[in-house]
Amino acid sequence: MLRTHTCGELNDKHVGQEVTLCGWVDTARDHSGVLFVDLRDRYGRTQLVFGPESGQAVLGQAKSLRSEYVIQATGKVAPRPEGTVNAKLPTGQIEVRVERLTVLNSSLTPPLQPSQKELPGEDLRLKYRYLDLRRAEMQKTLFLRHRMTKIMRDYFDQLGFIDVETPVLGRSTPEGARDYLVPSRVQPGTLYALPQSPQLYKQIMMIAGYDRYMQIARCFRDEDLRADRQPEFTQLDLEMAFVDLDDILRVIDGLMARLVKEFCGRELKLPLPRMTYDEAMERFGHDAPDLRFGMELIDLGDLAAEAEFRVFRSAVESGGRVRGINAKGAAGRYSRKGIDELTTYVQQDFAAKGLAWFKVEEGGTLASPIAKNFDATLLERIAQRMEAEPGDLLLIVADEFEVTCKALYGLRKRLGAELKLYDLKEMNFSWVVEFPMFAVDEEDGGWTAMHHPFTTPRAEDVERLDSEPGRCRAQAYDLVVNGYEAGGGTIRIHDQKLQQKVFRLLGIDAETAAARFGFLLDALQYGAPPHGGIALGLDRLVMLFAGMTNIRDCIAFPKTQRATDLMTGAPGAVDAKQLRELGITFRRDEGGERGGCTCRDRS
RNA sequence: GGGGACGUAGCUCAAUUGGUUAGAGUACCGGACUGUCGAUCCGGUGGUUGCGGGUUCGAGUCCCGUCGUCCUCGCCA
């Protein structure tokens with residue numbers, strides 16, 4: 001080793017020892033006769049002192065040090081003179097009086113400095129990721145991520161799970177997200193698909209008798225990005241045989257309790273609360289409700305039906321819903337213009353027809369441009385239903401059920417943040433269960449799998465498969481943390497006949513099913529045990545435990561919103577020879593100009 | 001594919017709403033300084049205002065297009 005200690009470990013117990021440290025020059029303060037360097041590595045910072053006793057040569061050398069130079073310094077650990085102790089630094093009790101200095105490497109003037117106070121623009125951080133990753137914040141997050149996966153592996157190991165790797169080169173499945181495809185050279189005209197999840201492989205592992213499987217698996221989905229979504233992401237994936245839904249939830253409950261104990265220093269009360277999908281949609285308008293605050297959706301359908309106000313009455317008469325939320329004490333926070341913004345928001349983002357609102361005045365009367373369309377008693381009953389108090393702002397959406405869900409969910413989320421209705425450090429865990437088996441496919445009007453086509457219906461709903469699939473509930477469950485879907489899973493179908501029935505319902509004919517996952521249908525006929533599992537979004541979990549709202553900050557090398565890597569320039573053009581070997585040509589009108597013959601420097 | 005925000009010195013930002021020579025902090029370069037830790041003090045370099053058009057006597061500012069980053073709807077079993 002080129003060093004005897006790290007930059008984070010020296011303290012007054014080391015005084016008098018000769019040590020050698022290696023690291024990066026964080027800052028240098030030159031006082032002519034004496035010069036200080038804060039030396040940084042991922043363990044911390046230590047102050048180096050160059051003075052007359054270092055010798056003219058070493059002092060002169062030190063004067064040439066600049067930000068991010070990599071140096072090796074040897075000297076004695078000394079207590080800092082009285083009055084110069086730095087309480088902000090764990091190593092602030094001591095300093096190293098340097099006797100020998102080696103510049104291991106110099107550095108260009110860095111475009112971003114790891115210790116600078118203002119965070120540089122994200123494009124710059126991504127382009128110079130190696131500099132960004134030197135920041136303490138990033139190092140802290142990646143270390144948190146490491147500790148979390150360590151705990152996960154230990155936890156599942158103790159429960160008898162085995163870690164099995166599954167292929168990255170697989171075959172495309174018909175449903176779900178868009179696949180990333182990899183052309184085969186050996187089989188011209190065919191392509192592999194990168195896994196959206198190891199779903200089928202882990203089911204095969206159950207059939208093979210490995211009754212407790214886990215993996216921290218990379219998954220790929222070629223869909224548009226969000227603050228909490230990357231095209232390449234990591235799942236904590238697991239599967240168990242001979243279990244029911246409660247067994248899976250209990251295992252994850254235990255894991256969450258362990259993580260919370262380790263990183264939040266408290267006991268998590270188990271079992272985690274459960275809510276049905278229907279209840280979540282009714283109370284919060286979303287299947288991943290943020291339970292850190294109230295402001296639940298309130299149904300006003302019966303009152304709206306009595307109203308003269310046409311917008312309300314016709315919504316109910318045409319089978320829609322009239323629901324609202326009460327933003328307690330927010331009437332003063334939202335001016336007419338502010339409410340207009342909220343209206344535009346629900347119209348543009350959720351296709352709501354409009355937003356009705358009332359401000360609750362002193363004395364409890366409801367004030368609004370639409371108030372004249374209601375008689376006084378009805379207004380009073382609305383106020384009562386919504387538990388309105390002076391200063392409250394009532395926001396009401398009258399529309400189709402789905403629209404009221406989306407719009408009010410959006411409003412609740414937005415107002416929750418704007419009104420700071422929750423503690424940013426709080427962690428709230430819950431389960432949402434009893435998802436519908438199927439949803440109506442917007443494109444062809446047929447049924448589509450709500451979760452995935454291998455999901456088992458609830459035992460009491462199996463008979464509904466034929467008669468009313470829309471009311472058939474699945475043995476599916478989502479883990480929800482602070483309003484984020486942190487993971488989801490199902491009990492799988494282990495009966496080949498039932499599996500084929502579900503495929504038929506989904507409009508996947510026998511031929512297609514056989515071609516796409518005949519191997520699973522085959523395997524189900526060779527003694528498939530009952531099994532089920534779950535996958536947790538690791539990046540999201542890290543984000544949540546780190547108290548962040550951006551998944552990119554929890555990933556060492558993330559992609560931009562347009563799915564590029566600003567550091568490497570990926571994706572990029574490839575050599576013409578590579579394309580020839582794969583039998584690929586690009587049409588000129590579809591990226592032909594990028595399909596050039598050589599890799600292009602995109603910087 | 002739709003909606004929105006942003007793009008000015010290496011970096012973080014400003015520029016009195018269209019006005020004459022585009023500023024500040026920091027970084028960088030030079031000088032001073034023996035106890036600093038956001039060191040301080042003095043001096044200096046640094047700009048195709050993302051790019052391309054247009055309107056105007058005059059554009060960082062207005063308009064159109066384009067590129068990039070972010071937020072969001074659709075999308076994400």
Side-chain angles (χ1 to χ4, degrees), chain A residues 26-39 45-54 59 66-68 78 80-89 91-92 95 97 108-113 115-128 131 173-179 196-197 199 219-231 233 341 344-352 406-407 410 413-414 435 437-439 441-443 447-455 474 476 485 488 490 502 506 508 535 537 549-550 552 559-562 564 566 602-603:
Chain A
D26 197 55
T27 54
R29 295 175 293 280
D30 187 353
H31 290 241
S32 190
V34 61
L35 185 147
F36 305 93
V37 167
D38 287 341
L39 193 65
R45 280 191 302 166
T46 300
Q47 175 163 284
L48 307 178
V49 185
F50 300 83
E53 65 274 23
S54 304
L59 186 58
R66 293 292 178 273
S67 283
E68 301 311 303
R80 293 203 186 184
E82 217 178 311
T84 64
V85 167
N86 187 344
K88 289 185 218 157
L89 229 53
T91 61
E95 59 195 17
R97 304 272 169 84
L108 297 174
T109 300
L112 66 96
Q113 299 206 310
S115 298
Q116 82 189 58
K117 212 175 163 189
E118 318 101 333
L119 202 59
E122 193 161 357
D123 40 358
L124 202 77
R125 292 176 52 207
L126 291 172
K127 181 171 178 183
Y128 298 95
L131 298 179
T173 50
E175 287 204 28
R178 199 175 292 115
D179 286 317
Q196 297 179 22
S197 77
Q199 184 61 36
C219 304
F220 306 87
R221 295 177 190 176
D222 187 5
E223 298 292 347
D224 285 354
L225 288 79
R226 286 284 189 284
D228 63 347
R229 250 163 48 190
Q230 282 272 304
F233 63 102
E341 275 170 29
T344 311
Y345 168 59
V346 295
Q347 287 173 330
Q348 280 190 343
D349 278 10
F350 309 109
K406 286 181 177 178
K413 190 171 162 180
R414 179 169 167 166
F435 280 77
M437 278 287 285
F438 310 103
D441 191 322
E442 301 266 324
E443 283 170 28
W447 295 108
T448 175
M450 189 95 168
H451 193 83
H452 60 53
F454 318 107
T455 304
E485 180 194 328
T490 65
V502 170
L506 294 171
I508 304 173
T549 54
N550 178 341
R552 292 182 300 277
K559 303 274 189 293
T560 66
Q561 189 164 44
R562 294 193 58 240
T564 64
L566 294 182
R602 306 186 61 203
S603 65

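Numbered from 1 within each chain, the chains take letters A, B, ... in sequence-line order.
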A:R562 side-chain proximity, nearest of B:G68, B:C76, B:C70: B:G68

Test side-chain contact (heavy atoms from CB on, under 4.5 Å) applied to A:N550 and A:E122, step by step: CA-CA 12 Å; A:N550 178 341; A:E122 193 161 357; 3.9 Å; yes

Protein-nucleotide distance (A:D38, atom CG; B:G38, atom P), rounded to Å: 9 Å

Under 3.5 Å on both distances, the Watson-Crick or G-U partner of B:G7: B:C67

Non-neighbouring partners of A:E68 that pass salt bridge (Lys or Arg N to Asp or Glu O under 4.0 Å), sequence neighbours left out: A:R40, A:R134

Whole-Å gap separating C1' (B:U34) and CZ (A:R97): 12 Å

hbond_proxy A:Q47 side chain to B:U36 base (donor-acceptor, 3.5 Å cutoff): yes

Whole-Å gap separating C1' (B:U34) and CD (A:E53): 10 Å

Pull out every protein N or O sitting under 3.5 Å from an N or O of nucleotides 71-74 of chain B, one pair per line with the distance.
residue : atom : partner : partner atom : Å
B:C71   : OP1  : A:R552  : NH1          : 3.3
B:C71   : OP1  : A:R552  : NH2          : 3.0
B:C71   : OP2  : A:R552  : NH1          : 3.4
B:U72   : OP2  : A:A227  : N            : 3.2
B:U72   : O2'  : A:D349  : OD2          : 2.7
B:U72   : O4   : A:Q561  : NE2          : 3.4
B:C73   : OP2  : A:R226  : NE           : 3.0
B:C73   : O2'  : A:D349  : O            : 3.0
B:G74   : OP1  : A:K406  : NZ           : 3.2
B:G74   : N7   : A:R226  : NH2          : 2.8
B:G74   : O6   : A:D224  : OD2          : 3.4
B:G74   : O6   : A:R226  : NH1          : 3.0
B:G74   : O6   : A:R226  : NH2          : 3.2
B:G74   : N1   : A:D224  : OD2          : 2.6
B:G74   : N2   : A:D224  : OD2          : 3.4

Touch class at under 4.0 angstrom, heavy-atom based, for A:L566 against every strand present: sugar-phosphate

Between the protein and nucleotides 44-49 of chain B, list every N/O to N/O distance that falls short of 3.5 Å.
none

Closest-nucleotide 5' rank along RNA chain B - winner of A:K559 and A:G33: A:G33

For B:A59, the Watson-Crick or wobble partner whose two distances fall under 3.5 Å: none

Under 3.5 Å donor-acceptor, A:R80 side chain and A:G92 backbone: yes

A:N86 (side chain) and B:C37 (base): donor-acceptor pair under 3.5 Å: yes

Partner set under side chain to side chain donor-acceptor pair (under 3.5 Å) for A:K559, not counting sequence neighbours: A:E232

Partners meeting salt bridge (Lys or Arg N to Asp or Glu O under 4.0 Å) with A:R125 (sequence neighbours left out): A:D132, A:D553

Minimum-distance nucleotide (side-chain atoms of A:V34 versus B:U69, B:G35, B:U36): B:G35

Atom-pair distance (CD on A:E68; C1' on B:C11), nearest Å: 14 Å

B:U12, syn or anti by chi within 90 degrees of zero: anti

Distance-only criterion, 3.5 Å: show the donor-acceptor pairs between side-chain atoms of residues 220-228 of chain A and protein atoms not counting sequence neighbours.
residue : atom : partner : partner atom : Å
A:R221  : NE   : A:Q196  : O            : 3.3
A:R221  : NH2  : A:Q196  : O            : 3.1
A:E223  : OE2  : A:R178  : N            : 2.8

Sugar-phosphate, base or nothing in reach of A:P120, heavy atoms under 4.0 Å: sugar-phosphate

Touch class at under 4.0 angstrom, heavy-atom based, for A:G51 against every strand present: nothing

Sugar-phosphate only, base, or nothing, as touched by A:S197 at under 4.0 Å among non-hydrogen atoms: base

Nucleotide opposite B:C41 in a Watson-Crick or G-U pair, distances under 3.5 Å: B:G31

Opposite nucleotide pairing with B:A15, Watson-Crick or G-U, both atom distances under 3.5 Å: none

By side chain to side chain donor-acceptor pair (under 3.5 Å) - contacts of A:T490 (at least two apart): A:R492

Expected output: side-chain A:T91 to main-chain A:R45 donor-acceptor under 3.5 Å: yes

Touch class at under 4.0 angstrom, heavy-atom based, for A:D30 against every strand present: base

Length of the line joining A:Q347:CD and B:G4:P, which is rounded to integer Å: 14 Å

A:V49, nearest nucleotide to its side chain (from B:C37, B:U34, B:G35): B:G35

Set of ring-ring contact (aromatic ring centres under 6.0 Å, His included) partners for A:F350, sequence neighbours left out: A:Y345

Proximal nucleotide (of B:C37, B:U12, B:C33) relative to the A:H31 side chain: B:C33

Which atom pairs link the protein and nucleotides 22-29 of chain B when you take only N or O atoms and keep those under 3.5 Å?
residue : atom : partner : partner atom : Å
B:C29   : OP1  : A:R66   : NE           : 3.1
B:C29   : OP2  : A:R66   : NE           : 3.3

Pairs of donor and acceptor atoms involving the side chains of residues 31-38 of chain A, under 3.5 Å and at least two apart or interchain, shall be tabulated with distances.
residue : atom : partner : partner atom : Å
A:D38   : OD1  : A:R29   : NH2          : 3.2
A:D38   : OD2  : A:T27   : OG1          : 3.2
A:D38   : OD2  : A:R29   : NH1          : 3.1

Spacing of A:H452 atom NE2 relative to B:C76 atom P, expressed in whole Å: 15 Å

Which residues share a side chain to side chain donor-acceptor pair (under 3.5 Å) with A:S67, sequence neighbours left out: A:Q113

Side chain proximity check, A:T109 to A:R66, heavy atoms < 4.5 angstrom: no

Interatomic distance at C1', B:U16 relative to B:A24, whole Å: 16 Å

Sequence-distant partners of A:S115, side chain to side chain donor-acceptor pair (under 3.5 Å), two or more places apart: A:D26

d(NZ, A:K88; C1', B:C37) in whole Å: 8 Å

Touch class at under 4.0 angstrom, heavy-atom based, for A:L89 against every strand present: nothing

